[in-house]
Amino acid sequence: MLGQFLFDSTFANGAYSHSFGLESYIFWGKIKNEQSYQVWLESYMLDVFAPADAAVYILACKLKEKRLSLLKLARIANASIASFESRTGAINMARATLKNTEFMHNDLAKWYFKICDNDNYTHPAIAFSVLADDKVESYAYACIKTLTQNATRAIPLSYRKSSELLYKNIDLAKKCALKAKQIADNSLKNNSFSLNNCDYRLFSTHHELDIAMFAHEKLDFRLFMS
């Protein structure tokens, strides 16, 4: 039940205010319907979310007893977000996640909440990890739900189409979680958080998606903050 509470698209951490580059594709005319949105969603979840937020969440869950390592991971994860607008959005979401769950904080969550006074160590995946363990599939599906709800407003899509997408992408959440686990296991095996040339490298990303996040800062009209 804790996972259903935290990893839900209606959870009040501000994720519904961010498009994560989706709005740039809509502005460019690249995303016009559910088919083109599905292509973008799969790329975002597997090429951005899996090697970043999802893998960081898994690693953080395993590093709770090693607070210095947790801080190192948080620092690198924060720095890996190329777009200033997206990084600021991630910092705000992490703080909102912890602020709105302060009533349930354990010692670790209290400690990390204080750490989040420093932007450089503030990351939403770390924030979720100090609140709930081993729920990466729920985390991935919550992201899919948030993005699909945002797409429903911005493209727009009918509620029927968005419902079909949510059902269809249950398997995508599982696939994303599996890839994230492979990335995290590889990092733990190597005992390091560094970029390398293997197929499942931590913090790898899709350059076109990065460009979309940068371009969002220059859009003439925006529904979303990033």
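Atom set for the values below is all heavy atoms of this structure, side chains included, hydrogens, waters and symmetry mates excluded. All values derive from a computational prediction rather than experimental measurement.
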J.: Taking ring pair (Phe, Tyr, Trp, His ring centres under 6.0 Å) as the test, write out the residues that go with Phe49, two or more places apart.
T.: Tyr139
J.: If we ignore hydrogens and angles and just use 3.5 Å, is the side chain of Asn100 paired with the main-chain N or O of Ala96 as donor and acceptor?
T.: yes
J.: Who passes side chain to side chain contact (heavy atoms under 4.5 Å, CB included) against Ala177, sequence neighbours left out?
T.: Val136, Glu137
J.: Sequence neighbours excluded, which residues qualify as side chain to side chain donor-acceptor pair (under 3.5 Å) partners of Thr101?
T.: His105
J.: Could you tell me whether a side-chain N or O of Lys161 sits under 3.5 Å from a main-chain N or O of Glu34, the two making a donor and an acceptor?
T.: no
J.: Check the surroundings of atom CD in Gln35: do more than 12 heavy atoms from other residues, nucleotides or ligands lie under 6.0 Å from it?
T.: yes
J.: Are the side chains of Met93 and Phe128 in contact, using a 4.5 Å heavy-atom criterion?
T.: no
J.: Between the side chain of Tyr141 and the main-chain N/O of Leu166, is any donor-acceptor distance below 3.5 Å?
T.: yes
J.: Could you tell me if the side chain of Ser162 sits less than 4.5 Å from the side chain of Gln149, heavy atoms only?
T.: no
J.: Taking the side chain as C-beta and beyond, is there a heavy-atom pair between Leu202 and Leu59 under 4.5 Å?
T.: yes
J.: For Gln38, give me all partners under side chain to side chain donor-acceptor pair (under 3.5 Å), at least two apart in sequence or on another chain.
T.: Glu42, Asn169
J.: Please name all residues satisfying side chain to side chain contact (heavy atoms under 4.5 Å, CB included) with Lys99, sequence neighbours left out, ordered by chain then number.
T.: Phe113
J.: Which residues pass the side chain to side chain contact (heavy atoms under 4.5 Å, CB included) test with Asn120, sequence neighbours left out?
T.: Arg75, Asn118
J.: Check this for me: Tyr121, atom OH, are more than 12 non-hydrogen atoms of other residues, nucleotides or ligands nearer than 6.0 Å?
T.: no
J.: If you compare all heavy atoms of Asn78 against all heavy atoms of His123, which two are closest, and at what distance to 0.1 Å?
T.: N-CD2, 3.9 Å
J.: Please identify each residue that fulfils salt bridge (charged side-chain N to carboxylate O under 4.0 Å, His left out) with Asp133, with sequence neighbours left out.
T.: Lys64
J.: One thing to verify: whether Arg160 and Glu164 come together as a salt bridge, which I'm taking to mean a side-chain N less than 4.0 angstrom from a carboxylate O.
T.: yes
J.: Please answer whether the main-chain N or O of Ile183 pairs with a side-chain N or O of Ser187 as donor and acceptor at a distance below 3.5 Å.
T.: yes
J.: Who are the side chain to side chain donor-acceptor pair (under 3.5 Å) partners of Ser36, not counting sequence neighbours?
T.: Asn33
J.: Could you work out, with salt bridge (charged side-chain N to carboxylate O under 4.0 Å, His left out) as the rule, every residue matching Arg95, not counting sequence neighbours?
T.: Asp119
J.: Out of curiosity, Thr122 OG1 to Ile115 CD1, how far, rounded to the nearest 0.5 Å?
T.: 9.0 Å
J.: Of all residues at least two apart in sequence or in a different chain, which pass the side chain to side chain donor-acceptor pair (under 3.5 Å) check with Thr148?
T.: Tyr37
J.: Suppose we screen for side chain to side chain contact (heavy atoms under 4.5 Å, CB included). Which residues come up paired with Ser138, at least two apart in sequence or across chains?
T.: Phe7, Lys135
J.: Given Ile31, which of Val39, Leu41, Ile155 fulfils the side-chain contact (heavy atoms from CB on, under 4.5 Å) condition?
T.: Ile155
J.: Say you draw a straight line from CG of Asn106 to CH2 of Trp111; how long is it, rounded to the nearest 0.5 Å?
T.: 11.5 Å
